[in-house]
Amino acid sequence: MPELPEVETIVRNLKENLGGKIIRAVKINSSRSLNVPPAVFKKKISRAKIVQIRRVGKYIIIHLIKGKVFYLVVHLRMSGQFIIAAGLKEKVRIGFYLKNCWLNFLDARNFARIWLVNDWKKTPAGRIGPDALKITRKEFLERFSIFARRFPQKMVKVLLLEQEFISGIGNIYAAEILFLSRINPKRKIGSLTSIEQKNIFLAMKKILRKAIARRGTSFDYAYRDTRGRPGDFQRYLNVYGRAQEQCRRCGRNLVSEKIAGRTTVWCRRCQN
DNA sequence: ACAGCGTCCTGCAGGC
DNA sequence: TGCCTGCAGGACGCTG
């Protein structure tokens, strides 16, 4: 499931391979994810030049130019993939031909969304909070205080998943951040001390940076980089996917519970 | 106003 | 071995 480190890895790959290239042709096998009719999409994007590729939270923003500047905004959700290959892949939903390669957009579960727009800030990508990787400690703590004052009863795990608070964190990294900062995921944000808030910030930075260095987490088939390779961070997961297994810190069995509809694993002894 | 659940969707794991 | 059921989750919409 692409979260910030996975999207960052994909964006870095796309930048290296697609920057400055022209989209020569588009093949649409499934238009479910598009915000415009397939014919419109094809017409607008054909012969456009890719001038910039960047990440905003979990969104990929591709800056295009054809007379004027416009944008392709992509959210991969659960299973969206971009695979660069010599040809079209078997289950490709949308193929972009770029002179000597195809950019294959695949999405097993059909959850991904693609917007073709003149102003990317008018898509959901323009309505999210500061990026988890870029936010400063000061800004994080200020923002935490605002949310803690407004929603003191909200569980900290839920806050970390809210893209309006900070963007980029999903279920895997939220669980890992709370383990490293030794906070119980069910703690109410109004009860967290400034030291605990600071520890969450530090754990967040540490984990996101390491996960990017390991090219993301491939827990299952869902996430692959643009060459179809899995990430490596699953080797370093302390809690996600480890329910009933032993805590790497204290040896106690990890517990699992649904929090806000999402499976959450933590250590009852280490996380208070 | 806010919390919490259902929905979308399909691959895969586990049970019998 | 093969079928069936249920689980996985990001974001949004609906409900109470």
Side-chain angles (χ1 to χ4, degrees), chain A residues 1-8 10-11 29-35 55-61 73-83 89-94 105-115 117 120 122-129 131-132 146-178 185-191 208 211 216-224 228 230-231 233-234 237 239-245 254 256-266:
Chain A
M1 301 103 234
E3 302 180 29
L4 188 153
E6 292 76 34
V7 179
E8 179 68 20
I10 291 165
V11 165
N29 292 332
S30 158
S31 59
R32 268 195 65 103
S33 56
L34 302 177
N35 72 325
R55 181 185 61 74
V56 171
K58 300 177 199 169
Y59 292 85
I60 299 168
I61 311 219
V73 179
V74 182
H75 195 307
L76 298 170
R77 296 272 184 104
M78 313 300 297
S79 60
Q81 294 180 354
F82 275 125
I83 307 286
K89 304 287 282 185
E90 190 184 328
K91 290 180 178 171
V92 63
R93 292 185 183 273
I94 302 177
F105 168 70
L106 298 98
D107 183 19
R109 289 161 77 175
N110 259 325
F111 282 166
R113 287 291 170 268
I114 299 178
W115 296 263
V117 288
W120 69 264
K122 285 185 181 153
T123 69
R127 295 189 279 272
I128 58 178
D131 194 273
I146 293 167
F147 277 73
R149 220 175 300 130
R150 242 182 104 184
F151 315 103
Q153 296 303 308
K154 192 185 284 286
M155 287 183 272
V156 62
K157 165 83 185 307
V158 174
L159 181 72
L160 290 178
L161 292 177
E162 273 178 18
Q163 305 302 299
E164 297 76 21
F165 169 54
I166 47 169
S167 56
I169 296 170
N171 204 37
I172 295 175
Y173 295 105
E176 296 300 315
I177 289 165
L178 291 169
K186 293 169 100 169
R187 282 283 297 283
K188 306 282 198 277
I189 60 175
S191 78
L208 293 179
T217 303
S218 289
F219 191 75
D220 56 20
Y221 70 95
Y223 165 67
R224 294 293 182 271
F233 192 71
Q234 59 277 12
L237 295 175
V239 283
Y240 183 86
R242 298 192 65 243
Q244 315 309 325
E245 291 177 41
L254 299 171
S256 172
E257 209 175 297
K258 290 246 183 205
I259 296 178
R262 298 287 166 256
T263 304
T264 308
V265 185
W266 75 97

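Chain naming here is simple, since letters A, B, ... match the order of the sequence lines and numbering starts at 1 in each.
With sequence neighbours excluded, the residues that form a side-chain contact (heavy atoms from CB on, under 4.5 Å) with A/Lys89 are A/Ile83, A/Ala85, A/Asn104, A/Leu106. Taking A/Arg262 as the reference, nothing meets the salt bridge (Lys or Arg N to Asp or Glu O under 4.0 Å) condition, with sequence neighbours excluded. Checked against ring-ring contact (aromatic ring centres under 6.0 Å, His included), A/Phe111 has no partners two or more places apart in sequence or in another chain. For A/Tyr223, the side chain to side chain donor-acceptor pair (under 3.5 Å) test picks out no residue, with sequence neighbours left out. Not counting sequence neighbours, the partners of A/Lys186 by the side chain to side chain donor-acceptor pair (under 3.5 Å) test are A/Glu257. Residues meeting the ring-ring contact (aromatic ring centres under 6.0 Å, His included) test with A/Phe82, sequence neighbours left out: A/Phe105. Evaluation of the side chain to side chain donor-acceptor pair (under 3.5 Å) rule for A/Asn110 yields A/Arg93 as partners, not counting sequence neighbours. A search for side chain to side chain donor-acceptor pair (under 3.5 Å) contacts involving A/Glu3 returns nothing, not counting sequence neighbours.
No donor-acceptor contact under 3.5 angstrom links the side chains of A/Gln81 and A/Tyr221, judged on distance only.
The pair A/Asp107-A/Arg77 does not count as a salt bridge, with every side-chain nitrogen at least 4.0 angstrom from each carboxylate oxygen.
The distance from atom CD of A/Glu6 to atom C1' of C/dG10 is 13 Å, rounded to the nearest whole Å.
Relative orientation of the A/Phe219 and A/Tyr240 rings is perpendicular, given thresholds of 30° and 60° on the angle between their planes.
Panel note: side chain A/Gln163, backbone A/Ile169; a donor-acceptor pair is recorded below 3.5 Å.
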**Prompt:** Tell me, for nucleotides 11-16 of chain C in 5' to 3' order, what letter each nucleotide earns: B for a base near a protein heavy atom under 4.0 Å, S for only sugar-phosphate near one, - for neither?
**Reply:** BS----

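Nucleic acid contact class of A/Thr263 (heavy atoms, under 4.0 Å, all strands): sugar-phosphate only. Heavy atoms of A/Ala260 sit nowhere under 4.0 angstrom from any nucleic acid atom. If you check every strand for non-hydrogen atoms under 4.0 Å, A/Tyr221 touches sugar and phosphate atoms only.
Using five terminal pairs a side, the axes of the helix from B/dC2-C/dG16 to B/dC16-C/dG2 at its two ends make an angle of 60°, given in steps of 10 degrees.
Nucleotides of DNA chain B lying under 4.0 Å from heavy atoms of chain A occupy a range whose first and last members, 5' to 3', are B/dC2 to B/dC12.
Across residues 151-158 of chain A, A/Phe151, A/Lys154 each have a non-hydrogen atom less than 4.0 Å from an atom of DNA chain B (numbered order).
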